[in-house]
Each structure stands twice: as C-alpha cells, then as structure tokens.
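Structure first, then comments.
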Amino acid sequence: MRKCLPRKLVVLPVLLLAVIAWTGHHLTTSWSCGQARSARLARRNQRAVKLRNKLAETDSMNVELEMVARSEHIQQVCRDYQLREDIQGCGYRSREDSFDQNIQNHFLRDPRTGSVYCFIHKVASSTWMAVFTRLENNTIFRQKVERDGNYYQIRYRLGLSPLDLLWSDSLSFIIVRHPLDRLISAYRDRILDPTTHQARKHRAAMMQYKDMQGMLQEGLPSFSQFLQYVTDGGSDEHWAPYYSSCSPCLVGFDWIIKLEDRNTEELQQALLDRSGMGRFVTLETKHRSNSSSAEHRNLFREVDCEVIRRVVNMFRMDMMLFRYSAENYLTDIGVHC
C-alpha cells in the first residue's frame, strides 16, 4: 500500500516557493522604481542645465525658465522634507508622515506625443480631460462623453502604471490654484449643489458638526461644517491635497501652471505648443464659473480660527511646494488667526 506524504510536507514547500516568487517580484519592482526615479530626475536636471545655458531672449524662453524655476523649487522642498528613500522604491517618505506620497491613478498620457498630465479636480481638470479625449480621437467614446459631459471617463483609457510614468521621458505637467480657493470651489460646486455625488455622499456627515457659534445648522452645511469635516478625515478627490494626488516629489513636473498666473491662457497654449499637443487640438474651456472663488473668500470669515489653523496645516505641503501663502490670503480678507 502506497504511503502518502503528510499534508504539511506538501503545503510548506508550495508556500515557500510562493513567498520566494513574491519576494523576487517585490524586489524587482522596487529596483525598477528606484532606477526609473533616478533616471527621470537625471534627465530633467540635464534639460534644465541646457535650458539655463541659453540666453533668455524671447518670451517663450522666459516662460520655460520660469517653469524650470518652479520645478527646481519643488525638488528643493522635497529634499528638505525627505526622510529616506522608500524601501519599495515607488514612494516618497517625508519627515512628517502626513506628507508621504505614492503614485495614484491621476495621470494621463497623450497617445500621440507621450505628454503626461496629472489632473486635479476643481483646477481646470474638465478642460484638460476634454483635451485628452480629443487627443485619443476615438469617435464613439468622444461622441458619448460630449453628450453626457463626463470627460473624466478618459482616465480609464489613457492612464499609465507607476513604472511607465517614472520611466517616461516626455513632458509632464500639472495645473494648480491656491488651495484655499479650491476648497471654496469644492464647497460651492460639489456640496451646495444637491445633485452631485459629493453632496449625496458627504452632506449628512457634515451636518453633524457645529457652526462657529456652536450650534448645529439645519438645511445646507455651512462652510465651517464643510472644513471641519474635511480636516477630520472626510476625504474626496475634489478636495484632496495636491501632493497626495499627483506625487510631485516623485514625478518632477516639467511645467507647473497656476490659475493665478496673469497669463494663464497664454501659458496653457504655450504648453500645447511646447509639448506638440497643439498640432492636434485647441484649448476649449469647460465648466467656466459665473463667479470666481476669489469673490467668495469672505466665507473664511465665518470660520473659527482653530478650524482655519487645521485647514492650513492640512494643505501646508501644497503651499510650500507651489509657493502659496495662507497668511497673505487670510490677511487680505481681514482674517487674523
């Protein structure tokens, strides 16, 4: 009669082989990410040096020099706050845990030029999602999203993996605005409008917070309730910090455009021209608001200083990376916290 091996003697070798395989894959991925990050940074620095060696004789050159300066500032902030290299190779570890960064699915790659864009909700993202939809040039998909206006579906068609992103040598860009203005925009457009997914998902929880006078509100959440909810961990893509969505310390963007730039539209057109995307598409603004967030900054006057301090701390890394000042912003509207 044939004897069978004990079950443990069969299972253990299989588990051991599985662990070895996973470890090998893990180490390979870690090495690949580290290699990709180093190579990408080296290429960017080489381009910056070449560009700085040229004479800034034209407006376009001045624009590119400004973009180099913005990118170098981000790198310096990242170095100042870096704790160590992530052992997995695909992350950034900060001296403050809340500022850690890992690559998220917020990146699109133009199939024609290879240009890489990190989209941020409430910062011209609808406009640029529409641009990438036209760049893909899939007639059926384009007609569908143009009918329903849901351009964000393109993220599932033109996304790329962390390794592909880090190995990419194409131009990469991000568009930002003052984080406090973005919070106002998110509140007004996504919370006060009862038809949005964010209103349906988050409103009830926001209403549990007290307003500035310590009383519970009825009806619509106040701006103070919204901010308390956000700083207590009520997360959503529409108000998540930039560094958590776009990992600037890992990616190293070539172009950083701010909505506050006096020539924002010209800069976006220059970006299209510089990347080559302008050969295939033009810029068409989507979802232009009837009033800017700057017109509603007085909303912060209704917020307790303790809540404002929590907000500023939550978005402190974004403000350092992209050179925004909370103090100047609040002082301009008469808020002194």
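Hydrogens, waters and symmetry mates are skipped; everything else that's a heavy atom, side chains included, is used.
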Check your understanding: Applying disulfide (SG to SG under 2.5 Å), which residue pairs with at least one partner in residues 165-196 are found, sequence neighbours left out?
Key -> none

Study note, to complete from the structure: Shortest non-hydrogen pair, Tyr187 vs Pro221, comes out as OH-O, 2.7 Å

Review point. Using the ring of each side chain (for Trp, its six-membered ring), is Trp239 parallel, tilted or perpendicular to Tyr229, with breaks at 30° and 60°?
Key: perpendicular

Point to revise | Taking every non-hydrogen atom, the tightest pair across Leu183 and Phe226 | key: O-CE2, 3.5 Å

Check your understanding: Of Gln198, His197, His202, which meets side-chain hydrogen bond (donor to acceptor under 3.5 Å, both in side chains) against Arg190?
Key -> Gln198

Study note, to complete from the structure: salt bridge (charged side-chain N to carboxylate O under 4.0 Å, His left out) pairs touching residues 296-305, sequence neighbours excluded, are Asp181-Arg297

**Study point:** Arg70/Asp261 salt bridge by N-O under 4.0 Å criterion
**Key:** yes

Practice item. Anything under 30° is parallel, anything over 60° is perpendicular, the rest tilted; go ahead and classify Phe119 against His121. Key: perpendicular

Review point. Roughly how far, to the nearest 0.5 Å, is the CZ atom of Phe315 from the CG atom of Leu180?
Key: 8.0 Å

Practice item. Please test Arg316 against Glu96 for side-chain contact (heavy atoms from CB on, under 4.5 Å), starting from the C-alpha separation and ending with a verdict. Key: CA-CA 11 Å; Arg316 183 158 52 93; Glu96 299 184 36; 2.7 Å; yes

Practice item. Please lay out, stage by stage, how Leu272 and Leu283 fare under the test side-chain contact (heavy atoms from CB on, under 4.5 Å). Key: CA-CA 8 Å; Leu272 286 175; Leu283 200 65; 4.1 Å; yes

Check your understanding: Quick one: are Pro179 and Tyr242 in side-chain contact, heavy atoms under 4.5 Å?
Key -> yes

Practice item. Could you tell me which non-hydrogen atom of Ser115 sits nearest to which non-hydrogen atom of Ser170, and how far apart they are? Key: N-CB, 4.0 Å

**Study point:** Side-chain donor-acceptor contact under 3.5 Å, Gln268 with Thr264
**Key:** no

Check your understanding: So, the side chain of Tyr92 versus the backbone of Gln82: is there a donor-acceptor pair under 3.5 Å, distance only?
Key -> yes

Practice item. Look only at the side chain of Asp254 and the backbone of Ser172, and say whether a donor-acceptor pair between them is shorter than 3.5 Å. Key: yes

Exercise for review: Check the pair Phe132, Val281 against side-chain contact (heavy atoms from CB on, under 4.5 Å), reporting the backbone distance first and the verdict last.
Suggested key: CA-CA 9 Å; Phe132 275 76; Val281 295; over 6 Å; no

Check your understanding: What's the shortest heavy-atom distance between Phe300 and Ile308, and which atoms?
Key -> O-CD1, 3.7 Å

Practice item. Using only heavy-atom distances, determine whether the side chains of Tyr329 and His178 contain a donor-acceptor pair under 3.5 Å. Key: no

Practice item. Report yes or no: do Arg79 and Gln76 form a side-chain donor-acceptor pair below 3.5 Å? Key: yes

Exercise for review: Could you go through the side-chain contact (heavy atoms from CB on, under 4.5 Å) check for Val311 and Val303 one step at a time?
Suggested key: CA-CA 11 Å; Val311 170; Val303 183; over 6 Å; no

Practice item. Answer yes or no: is there a side-chain heavy-atom contact under 4.5 Å between Asn138 and Arg157? Key: yes

Exercise for review: Say whether, by atom type as modelled, one donor and one acceptor occur between the side chain of Arg134 and the main chain of Thr282 under 3.5 angstrom.
Suggested key: yes

**Study point:** Side chain proximity check, Val131 to Tyr117, heavy atoms < 4.5 angstrom
**Key:** no

Review point. Centres of the Tyr243 and Phe99 rings: under 6.0 Å?
Key: yes

Check your understanding: Is there any salt bridge (charged side-chain N to carboxylate O under 4.0 Å, His left out) pair reaching into residues 101-129, and which pairs are they, with sequence neighbours excluded?
Key -> Lys122-Asp189

Review point. Do Glu66 and Asn62 get their side chains close enough for a donor-acceptor pair, meaning under 3.5 Å?
Key: no

Exercise for review: Take Gln228 and Ser224 through the test side chain to side chain donor-acceptor pair (under 3.5 Å) and record every step on the way to the result.
Suggested key: CA-CA 6 Å; Gln228 291 176 72; Ser224 175; 3.1 Å; yes

Point to revise | Inter- and intrachain pairs under salt bridge (charged side-chain N to carboxylate O under 4.0 Å, His left out), touching residues 228-243, at least two apart | key: Arg155-Glu237, Asp232-Arg310

Review point. So do the side chains of Ser71 and Trp255 get within less than 4.5 Å of each other, counting heavy atoms only?
Key: no

Check your understanding: Does anything in residues 91-147 pair up under disulfide (SG to SG under 2.5 Å), and if so which pairs, sequence neighbours excluded?
Key -> Cys118-Cys246

Review point. Taking Thr133 for the side chain and Met129 for the main chain, is one N or O donor matched with an acceptor at less than 3.5 Å?
Key: yes

Practice item. Spell out, as yes or no, whether a donor-acceptor pair under 3.5 Å connects the side chain of Lys258 to the backbone of Tyr324. Key: no

Practice item. Check whether the ring centres of Phe173 and Phe253 lie less than 6.0 Å apart, and answer yes or no. Key: no

Review point. Any donor-acceptor pair under 3.5 Å linking the side chain of Gln104 with the backbone of Asn102?
Key: yes

**Study point:** Main-chain N/O of Cys249 paired with Gln101 side-chain donor or acceptor, under 3.5 Å
**Key:** yes

Check your understanding: Would you say the side chains of Ser94 and Asp100 form a donor-acceptor pair under 3.5 Å?
Key -> no

Review point. Do any pairs count as a disulfide (SG to SG under 2.5 Å) and have a residue in residues 306-337, sequence neighbours left out, and if so which ones?
Key: Cys305-Cys337

